Amino acid sequence: MRLTLTRPDDWHLHLRDGEMLKSVLPDTARRFARAIAMPNLVPPVVNAAQARGYYERIRAATLAGADFEPLIVLYLTEGTTPDDIAEAKASGIVHAVKWYPAGATTNSHAGVQDIARCDAVLAAMERHDLPLLVHGEVTDPSVDIFDREKAFIDRFLIGIVERFPGLRVVFEHITTRDAAQFVEAAPARVGATITAHHLLLNRNALFVGGVRPHHYCLPVLKREVHRQALVAAATGGSTKFFLGTDSAPHARHTKEAACGCAGIYTAHAAIELYAEAFEQAGALDRLEAFASFHGPDFYRLPRNTSTITLEKQPWTVPASQPAAGHELVPFRAGETIAWRLV
Ligand SMILES: NC(=O)N[C@@H](CC(=O)O)C(=O)O
Ligand SMILES: [Zn+2]
Ligand SMILES: [Zn+2]
């Protein structure tokens, strides 16, 4: 069986920089025409000049002949100014601004301690129509890690959406039924990305036969009821939900460690994994809109015109792949994936 789709885009991706960028970019560029390149580099991408530099480095790392365009994102800090927003918008290469609550995830320490200090900047984003992308978890250590997304909605997101009525917001990598319901009920200017791994796994996958560091990401995997709600959201046809892999490469030794990094690498088989999830839900006919239409429509970019083809033919994922002088353990390493990119 074959499945031909309009070439998809990845609306949440970590490409990193330097040697790692060169190692991982071909996996994405083979499948996707565009990707939102997350700005949590060291140092982060905080202004238009740095955005231009990152854009050029990604372009330089793109193999000749590849049909791939990076979409750059600004990293919101408490030092970001309305002028930074105006310059980013004018650059033409910055498509959004990312809010990392300080300490919530990988390379988020330069993020926002108190979002109330960012009012003028959020108002500038609203004026310039630059979407706000959010890592939606509270960092309050007294809140259980499985409840941090829900608490973020209640404490922050409801208020931001109300107080900035023209601001477009993407709730990134949603992991709970609460988040899916919030987005569903919100105005049309609020969307969400959903990862393949959160569609395919529940939190049991963290502990199958022992601790499984390659299934550790943030927000952490949740209960089965939440996975089912995400599948229903992704496959339900709502234009608010779109593909964002959150593929997040970390070298093997940094994940298989006493304090392992958060992030799952899925770029090697991203669209294939979504095909598996949609097929399991009996909704393969809904994959194209989720992967190729809802994202560009939300970001007000043209839909792609070329296509990719997948074939139902199981293959075994390598145990590891080389990356920046180390190795990555890709999702499903040593196991099979049902669909193959032709
Ligand atoms: N998702 C993750 O677990 N990790 C991401 C950061 C993020 O998207 O929160 C990373 O940059 O490694
Ligand atoms: Zn995140
Ligand atoms: Zn991410």
Side-chain angles (χ1 to χ4, degrees), residues 9-18 20-21 23-25 28 32 35-45 54 70-76 96-112 131-139 145-146 148-149 152-153 156-157 169-176 179 191-201 203 205-206 212-222 230 242-257 259-267 270 273 295 323-324 326 328-331:
D9 304 300
D10 185 347
W11 301 97
H12 184 136
L13 176 66
H14 299 274
L15 283 172
R16 313 301 191 206
D17 211 342
M20 185 61 94
L21 166 62
S23 300
V24 300
L25 181 56
T28 291
F32 298 98
I36 282 280
M38 285 295 168
N40 60 332
L41 308 181
V42 189
V45 179
Y54 190 37
L71 307 173
I72 307 299
V73 175
L74 223 58
Y75 184 118
L76 181 65
V97 179
K98 181 71 183 268
W99 170 17
Y100 291 102
T105 189
T106 305
N107 297 337
S108 62
H109 45 271
V112 176
L132 176 70
L133 316 184
V134 296
H135 178 108
E137 288 190 289
V138 297
T139 54
I145 189 165
F146 293 102
R148 287 182 186 179
E149 188 172 87
F152 186 88
I153 297 169
F156 299 107
L157 213 43
V169 176
V170 183
F171 198 168
E172 297 294 335
H173 49 39
I174 60 168
T175 63
T176 57
T193 54
I194 306 181
T195 77
H197 47 278
H198 288 101
L199 292 175
L200 290 165
L201 301 180
R203 66 190 193 175
L206 287 163
R212 302 290 293 265
H214 298 291
H215 287 161
Y216 174 56
C217 65
L218 288 169
V220 72
L221 295 169
K222 302 296 191 301
L230 299 179
F242 36 92
L243 185 157
T245 63
D246 194 19
S247 179
H250 292 275
R252 177 201 278 272
H253 66 280
T254 66
K255 288 196 62 72
E256 298 176 6
C259 186
C261 294
I264 298 179
Y265 188 72
T266 52
L273 291 165
H326 295 281
L328 290 177
V329 177
F331 187 75

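First listed ligand is number 1; within each ligand, the first listed atom is number 1. Remember, it's a predicted structure, so these values are computed and weren't measured experimentally.
In this structure, the side chains of D9 and L71 stay at 4.5 Å or more apart for every pair of heavy atoms. Contact of the L41 side chain with the N107 side chain is not registered, since no non-hydrogen atoms from C-beta on lie closer than 4.5 Å. Side chains of L133 and W11 form no contact here, defined as non-hydrogen atoms less than 4.5 Å apart. L218 is listed as a side-chain neighbour of E137, based on a closest heavy-atom distance under 4.5 Å.
Between F152 and F171, the ring-plane angle classifies as tilted under the 30° and 60° cut-offs. The aromatic rings of Y75 and Y100 sit tilted, their planes meeting at an angle between 30° and 60°.
Contacts of H250 with ligand 1, taken as heavy-atom pairs under 4.0 Å, involve the side chain alone. Here I264 has no heavy atoms under 4.0 Å from ligand 1, in either its backbone or its side chain. Contacts between K98 and ligand 1, counted as non-hydrogen atom pairs separated by less than 4.0 Å, are absent for every part of the residue.
Counting only heavy atoms of the protein, atom 3 (O) of ligand 1 lies nearest to L218 N, 2.8 Å. Ranking protein heavy atoms by distance to atom 5 (C) of ligand 1, first place goes to H14 NE2, 3.6 Å. Annotation: atom 1 (N) of ligand 1 to nearest protein heavy atom, D246 OD2, 2.7 Å.
Numbered from 1 in the order shown, with element, the atoms of ligand 1 that lie under 4.0 Å from a heavy atom of H12 read 8 (O). Near H173, with a cut-off below 4.0 Å to any heavy atom, the atoms of ligand 1 are 8 (O), 9 (O). Listed by number with element, the atoms of ligand 1 under 4.0 angstrom from any heavy atom of C217 are 3 (O). Heavy-atom contacts of N40 reach the following atoms of ligand 1: 6 (C), 10 (C), 11 (O) (cutoff under 4.0 Å).
Residue H135 has at least one nitrogen or oxygen atom sitting less than 3.5 Å from a nitrogen or oxygen atom of ligand 1, judged on distance alone. Distances between N or O atoms of G263 and those of ligand 1 include at least one value under 3.5 Å. The distance criterion of under 3.5 Å between nitrogen or oxygen atoms is met by T105 with respect to ligand 1. Considering backbone and side-chain N/O of A262, one or more are found under 3.5 Å from N/O of ligand 1.
Judged by distance alone, the side chains of K222 and T175 do bring a donor and an acceptor atom under 3.5 Å apart.
For residue H135, an N/O/S atom approaches the Zn ion (ligand 2) to within less than 2.8 Å.
H215 has its ring centre no less than 6.0 Å from the ring centre of H197.
The heavy-atom pair separating L13 from A35 by the smallest distance is CD2-CB, 3.6 Å. For the pair A267 and S247, the tightest heavy-atom approach, listed with the atom from each and the gap, is N-OG, 3.1 Å.
Ligand 1 does not have E137 within reach: every non-hydrogen atom of the residue lies 4.0 Å or more from it.
Restricting D246 to its N/O/S atoms, the shortest distance to the Zn ion (ligand 3) is reached by OD1. Nearest to the Zn ion (ligand 3), among the N, O or S atoms that H12 has, is NE2.
Tested against H135 for a side chain to side chain contact (heavy atoms under 4.5 Å, CB included), the candidates H12, E172, H173 yield a single pass: H173.
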